[in-house]
Amino acid sequence: MNEDYTVINREIIIDAPIENVFSAVSDQDQLTHWFPDIAVLEKREGGRVSFKFWRSEDNNLDKVHEMNGKIIKFIPNRELSYTWHFQSKPEFNKETIVTWRFESLGKEKTKVILRHSGFTEDERQQYNEHSEGWTWFVNRLGNYLTKGEP
């Protein structure tokens with residue numbers, strides 16, 4: 001079986017209302033509880049997105065990473081999509097797209113589908129690094145919403 005190294009897909013079902021889950025992914029103040037250390041997310045199509053990550057005890061980042069982008073789609077409680085361009089990785093100087101989709105499975109349960117697309121077959125290292133990172137952060141999102149801590 002050939003693995004597709006062009007798109008990263010993650011799904012998680014979280015025991016929380018869809019409004020809470022969408023807020024955790026789209027509100028810049030909540031984002032810093034489970035995702036980047038500093039977040040800017042302008043809640044509108046065409047709005048700016050900027051995330052900064054740095055090394056901490058519980059992840060394996062080797063330096064400060066900065067990502068910038070623009071919001072492509074902003075549909076409250078349904079979808080958030082933005083471009084993703086690492087400023088701190090000159091060896092990966094391209095734009096990819098991160099899309100979050102949200103599906104209510106009842107009052108207190110939400111399915112979250114993350115898709116990070118735009119990699120090419122020859123960018124396996126970048127794909128692998130992002131893939132590992134998304135596994136880490138999607139789990140932190142679930143913990144943040146269900147336990148109040150990442």
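Numbering starts at 1 and runs along the sequence shown.
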Surrounding [atom1] of [X] (heavy atoms of other residues, nucleotides or ligands, distance under 6.0 Å), is the total greater than 12?
X    : atom1 : answer
R101 : CZ    : no
Q125 : CD    : no
K43  : NZ    : yes

How far apart are the closest heavy atoms of [X] and [Y], and which atoms are they?
X    : Y    : value
H116 : W134 : ND1-NE1, 2.8 Å
E66  : S50  : OE2-OG, 4.2 Å
M67  : V49  : CE-CG1, 3.7 Å
L31  : A24  : CD2-O, 3.6 Å
I71  : L41  : CD1-CD2, 3.7 Å
F102 : E79  : CD1-N, 4.0 Å

Output the distance between atom [atom1] ([X]) and atom [atom2] ([Y]), rounded to the nearest 0.5 Å.
X    : Y    : atom1 : atom2 : value
K111 : L105 : NZ    : CG    : 7.0 Å
I13  : E103 : CD1   : CD    : 8.5 Å
D37  : F53  : CG    : CZ    : 8.0 Å
F119 : R124 : CZ    : CZ    : 13.5 Å
R115 : I113 : CZ    : CD1   : 11.0 Å
F22  : W100 : CZ    : CH2   : 11.5 Å

(message) I'd like to check the salt bridge (Lys or Arg N to Asp or Glu O under 4.0 Å) partners of K94; sequence neighbours left out, ordered by chain and number.
(response)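 With sequence neighbours excluded, K94 shows a salt bridge (Lys or Arg N to Asp or Glu O under 4.0 Å) to E123, given in chain and number order.
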
If we ignore hydrogens and angles and just use 3.5 Å, is the side chain of [X] paired with the main-chain N or O of [Y] as donor and acceptor?
X    : Y    : value
R48  : E42  : no
T96  : G118 : no
T110 : I14  : no
D27  : S23  : no

(request) Step by step, work out the side-chain contact (heavy atoms from CB on, under 4.5 Å) result for D15 and E108. (result) CA-CA 5 Å; D15 292 329; E108 296 292 323; 5.9 Å; no

(request) Take L145 and W34 through the side-chain contact (heavy atoms from CB on, under 4.5 Å) test and state the conclusion after the steps. (result) CA-CA 9 Å; L145 284 159; W34 65 272; over 6 Å; no

(request) Just jot down the side chain to side chain donor-acceptor pair (under 3.5 Å) partners of S81, sequence neighbours excluded, or say none. (result)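 Result, side chain to side chain donor-acceptor pair (under 3.5 Å) vs S81: T99.
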
(request) Return the set of residues passing side chain to side chain donor-acceptor pair (under 3.5 Å) with N20 (not counting sequence neighbours), or none when no residue passes. (result) none

(request) Evaluate the ring-ring contact (aromatic ring centres under 6.0 Å, His included) criterion for residues W136 and F35: first the C-alpha distance (whole Å), next the side-chain angles of each, then the deciding distance (0.1 Å), finally the verdict. (result) CA-CA 9 Å; W136 168 261; F35 192 31; over 10 Å; no

(message) Please report whether the ring centroid of F137 lies less than 6.0 Å from that of F51.
(response) no

(message) One pair to check against side-chain contact (heavy atoms from CB on, under 4.5 Å): E149 and N143. What are the steps and the verdict?
(response) CA-CA 6 Å; E149 60 185 54; N143 288 338; 5.8 Å; no

Single-linkage hydrophobic cluster, 4.5 Å side-chain cutoff, [X] and [Y] together:
X    : Y   : value
Y144 : I12 : yes
F74  : W84 : yes
Y5   : I8  : yes
L114 : I97 : no

(request) Just do the side-chain contact (heavy atoms from CB on, under 4.5 Å) check on F86 and E129 with the steps written out, would you? (result) CA-CA 12 Å; F86 257 113; E129 287 176 15; over 6 Å; no

